[in-house]
Every structure is written in structure tokens, then in C-alpha cells.
Amino acid sequence: MKRQYDLDWIRVLATLAVFLYHCLMFFNPWPWHVKNNETDPTYITAISLFMSSWLMPIFFAVSGINSYHALQKKTGKQYVKERMVRLGIPLVFGVMILTPPQVYMERVSHEQYTGAFLTWLPQYFDGVYLDIGGTGNFAFVGLHLWYLLVLLIFSLFTLPLFLKKKPSVSREIKVLHLFLLSIPLMIVSVLVDTVRLGGWDITFYLVIFLYGYFFLTKESFKTAIHKMLPVNIMVSILTTIIFMYGFMAGMSSSGEVLSILLAVVKALNCWSWLLVIFAVGDRYLSVSNRWLKYGNQASMPFYVLHQPVIVLLGFLIAGVSWSIPLKLIFLIVAAFLIIMVLYEFLIARVSIFRVLFGMKGNGGKVPRGGSVLRNHIKM
């Protein structure tokens with residue numbers, strides 16, 4: 001099977017977008033683990049709103065597509081084993097090692113604790129962490145690593161459905177009809193309130209994951225979204241304007257009817273942007289180069305490591321009397337450099353760290369393409 005490089009590009013660029021989004025979370029007015037001594041309710045909040053509607057859903061859409069292609073080459077047992085290793089190990093490592101310092105810094109920044117980290121550490125297992133600023137400390141989802149947990153659950157519970165006989169190419173037109181009939185399901189999933197993570201209920205993520213598997217892998221569907229690209233761009237822009245204005249105007253808390261309307265607009269905004277991104281990616285990003293090979297290997301470690309680094313730096317500079325733009329630039333540059341240095345000179349080189357961060361072990365050898373960054377540093 002020909003590798004879809006556009007999916008690799010989308011995953012790498014989405015990982016960088018998540019990094020930027022969490023840097024912005026330090027400055028916008030929304031609750032987060034650590035906050036700057038001054039927040040911005042204007043441009044930073046607007047950018048955060050724009051990104052929040054499609055950012056995490058695109059990971060689940062790509063994951064659904066990747067699950068489809070993985071099951072063309074692997075048995076169900078191999079598929080489960082790979083998911084347990086590539087998702088389960090980084091999740092457990094994150095929960096036990098990377099998450100406690102973040103919870104501690106949250107407690108200190110929210111004036112819930114004043115002692116040293118080692119003194120607080122035994123309290124990590126006191127109660128279940130359910131929300132920012134809450135009382136429980138044990139974050140069993142790994143904070144930002146909730147994506148790995150939810151994806152692992154989706155992968156295991158949808159496997160029996162995926163192992164059923166797949167539709168042939170001649171039946172792809174029926175897939176499009178099924179897609180049109182399933183759009184109401186996506187709208188309904190927005191209104192369900194079970195477990196909300198990353199701005200969406202997990203039922204919405206499940207729908208997007210299934211859409212990725214059943215629809216975004218079909219050539220007839222790709223043809224359709226290419227033809228609909230101008231319309232989807234217009235819908236994306238229009239719903240973005242309505243959603244951002246409605247949110248900042250307080251529609252979400254202005255009554256049940258307005259709240260539902262805003263939720264529906266947000267869902268349409270999310271889906272239209274996903275269709276635009278996949279259409280543009282398929283048209284312009286179906287090529288590979290050394291940067292893609294490097295980024296593709298580094299994306300999982302980067303994702304696992306990025307928030308702990310951002311929270312640490314934010315915790316250290318929260319009270320510094322710099323302007324927001326200066327702090328934002330510093331946070332982005334410093335966090336990115338720290339993550340890349342840790343990846344390039346430690347994670348990518350040491351087999352045990354590779355496994356802990358979701359990569360394949362290689363006996364301590366530096367991966368092919370891993371010298372790209374070093375070559376540019378030497379220039």
C-alpha cells in the first residue's frame with residue numbers, strides 16, 4: 001500500500017499546533033494548570049477559540065484513518081499489541097513520571113499548597129484528579145495524555161466492528177449515502193454530556209474516529225471533498241466568525257436554546273475545517289522529504305513531552321514583569337528548544353526512552369533522518 005504522506009504532514013503539523021495552543025493556554029482567561037500574572041481576553045483568546053474547534057478532533061480523524069490502514073496489514077492481535085505498546089506505555093509513564101510535577105505546580109500556583117515538591121509527592125495518590133483546581137491529585141488520564149487513553153479505548157472497543165467484512169470499492173457510493181445519513185449523529189453527539197475532554201465530549205471524538213475509518217479512507221469520499229472544497233472553505237470561515245462572536249458574546253450561558261445553537265455551529269465548524277484540511281493535504285502535501293521523516297518520528301515524543309515543559313516554564317515566569325508578547329515568544333522558543341534537545345540527544349538515542357515515549361526501540365542507534373537537526377546546527 002502506498003504511504004499517505006499527507007496524513008504524516010497533518011499529524012506533524014497538528015502536533016505543533018497543539019504545542020502552540022498549550023502555550024496560549026498560559027495567557028488566555030480559561031482555567032489551566034498554571035496561569036500568567038496577566039491574561040489576554042482579545043487576540044490570544046480569539047486564536048485559542050479558533051484552534052479549539054478542530055485541533056483535537058483532527059487527531060482522532062487521522063487515528064481512524066491509520067487504524068483502517070493498519071488493519072489491512074495486521075491481524076487483530078497484532079493491532080491490539082501495537083496499540084498497547086505505542087499508546088499504553090507512554091500513558092503509564094506519563095501518569096507516573098511526567099504528571100506529578102504538573103499537578104504539584106498547579107497546586108502551588110492555585111495557592112492550594114506551599115511546601116516542596118518531594119514533601120507533596122506522597123499526596124499524588126490522594127483522591128482522583130477530575131478538574132483543574134480540584135481537590136484530587138491522582139491524574140489517571142495523564143492530563144494532556146488523555147488523548148492516548150481515549151484512543152486506546154476506542155481502538156480496543158471498535159476492533160470487532162472493524163474486523164467485519166469491509167465494503168468493496170464498488171460499494172463506495174453507498175458509503176457516501178451512509179455519511180449523509182450519519183451527519184445528524186455528529187450533531188447529536190455534540191449535545192451529549194458524558195465526559196468532556198479538550199473542549200468536546202468523548203462521544204464526539206468517537207464519531208470523528210469512526211468517520212476517519214469508514215469515510216476518509218474512501219477514494220469516492222476524497223473526490224467529493226475536493227469538489228466541495230470552495231463550499232467547505234466558505235462554511236468554515238462563516239461558522240468560525242459566528243462561533244467566535246457567539247462565544248465571546250456569552251451565548252453559551254445565555255439560555256438553553258442559544259447554547260444548543262452555538263454547539264451546533266461549533267460542530268459544523270469543526271467538520272468543515274476537517275474536510276478543508278484533508279482536501280488541501282491530499283492535494284498539496286502528498287510528498288515526503290527529510291523533514292517529514294524526522295518530524296514523523298519525533299511527533300509522539302514531542303506530544304508526550306510538550307505540556308510538562310510548557311507548564312514548568314510557565315510556572316517559572318508567571319510572576320516575571322514582562323509583557324505578554326515577550327513572554328509568549330520566550331515560552332514558545334524556550335519550550336521548543338528544550339523539547340527538541342531532549343528528543344535529539346536523549347530520547348531518540350536511548351532505546352528504553354524511545355519505548356517510553358511511544359517509539360520503537362532500536363538498540364540505542366540514532367534513527368535515520370535523526371541527523372537532520374544536528375546537521376543544521378553544525379552549519
Side-chain angles (χ1 to χ4, degrees), residues 6-7 9-11 13-18 20-22 24-25 28 30 45-66 144 146-147 150-151 154 178-217 221-222 224-226 228-249 251-252 258-282:
D6 56 315
L7 297 182
W9 277 115
I10 289 173
R11 181 172 56 252
L13 294 175
T15 301
L16 293 175
V18 167
L20 175 60
Y21 179 80
H22 281 144
L24 295 175
M25 284 296 294
N28 66 36
W30 306 341
T45 301
I47 297 173
S48 300
L49 272 176
F50 168 69
M51 298 178 70
S52 67
S53 69
W54 52 264
L55 188 51
M56 289 313 299
I58 202 169
F59 279 98
F60 284 97
V62 171
S63 297
I65 299 171
N66 287 337
H144 70 297
W146 64 263
Y147 162 67
V150 174
L151 180 56
F154 286 176
L178 179 62
F179 167 72
L180 293 176
L181 292 174
S182 63
I183 288 179
L185 176 62
M186 180 179 68
I187 301 298
V188 171
S189 68
V190 178
L191 307 178
V192 175
D193 190 12
T194 56
V195 178
R196 192 161 284 270
L197 295 165
W200 296 96
D201 192 86
I202 60 171
T203 56
F204 185 81
Y205 291 129
L206 177 59
V207 171
I208 296 296
F209 179 72
L210 294 174
Y211 278 13
Y213 186 94
F214 287 110
F215 302 124
L216 292 172
T217 53
F221 191 81
K222 292 182 181 180
I225 64 175
H226 279 295
M228 294 293 293
L229 182 58
V231 174
N232 285 327
I233 290 176
M234 292 177 59
V235 172
S236 299
I237 295 174
L238 179 62
T239 53
T240 296
I241 294 172
I242 296 174
F243 169 63
M244 292 176 64
Y245 174 80
F247 185 92
M248 290 188 168
M251 282 182 59
S252 59
L258 290 178
S259 177
I260 291 175
L261 288 175
L262 188 63
V264 171
V265 170
K266 182 182 178 183
L268 293 175
N269 179 253
C270 170
W271 186 239
S272 60
W273 274 120
L274 292 188
L275 296 182
V276 168
I277 291 169
F278 281 112
V280 172
D282 184 58

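Worth knowing before you read on, the calculation uses all heavy atoms, side chains too, and leaves out hydrogens, waters and symmetry mates.
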Review point. Can you check side chain to side chain donor-acceptor pair (under 3.5 Å) on Ser52 and Trp200, steps first, answer last?
Key: CA-CA 9 Å; Ser52 67; Trp200 296 96; over 6 Å; no
So, for [X] and [Y], which heavy atoms are closest and what is the spacing to 0.1 Å?
| X | Y | value |
| --- | --- | --- |
| Phe59 | Arg11 | CE2-O, 4.4 Å |
| Asp282 | His226 | OD2-NE2, 2.7 Å |
| Ile208 | Pro57 | CG2-O, 3.3 Å |

Can the ring centres of Tyr211 and Phe60 be said to be less than 6.0 Å apart? no
*Within the 6.0 Å centroid threshold, strictly below: Phe50 and Trp273*: yes
Measuring from atom [atom1] of [X] to atom [atom2] of [Y], what distance do you get when rounded to the nearest 0.5 angstrom?
| X | Y | atom1 | atom2 | answer |
| --- | --- | --- | --- | --- |
| Ile233 | Met228 | CD1 | CE | 11.5 Å |
| Leu275 | Ile225 | CG | CD1 | 6.0 Å |
| Asn232 | Leu268 | CG | CG | 11.0 Å |

Query raised in the report: Looking at Trp271, is Lys266 sitting on its ring face, NZ or CZ under 6.0 Å from the six-membered ring centre and within 45 degrees of the normal?
Result: no
Worksheet item: Do Asn28 and Thr45 have a side chain donor and acceptor closer than 3.5 Å?
Response: no
Handout entry: Sub-4.5 Å side-chain heavy-atom contact between Met248 and Leu49
Key = yes
Only one of Phe209, Tyr213, Tyr205, Phe154 passes side chain to side chain contact (heavy atoms under 4.5 Å, CB included) with Ser63, and that residue is Phe209
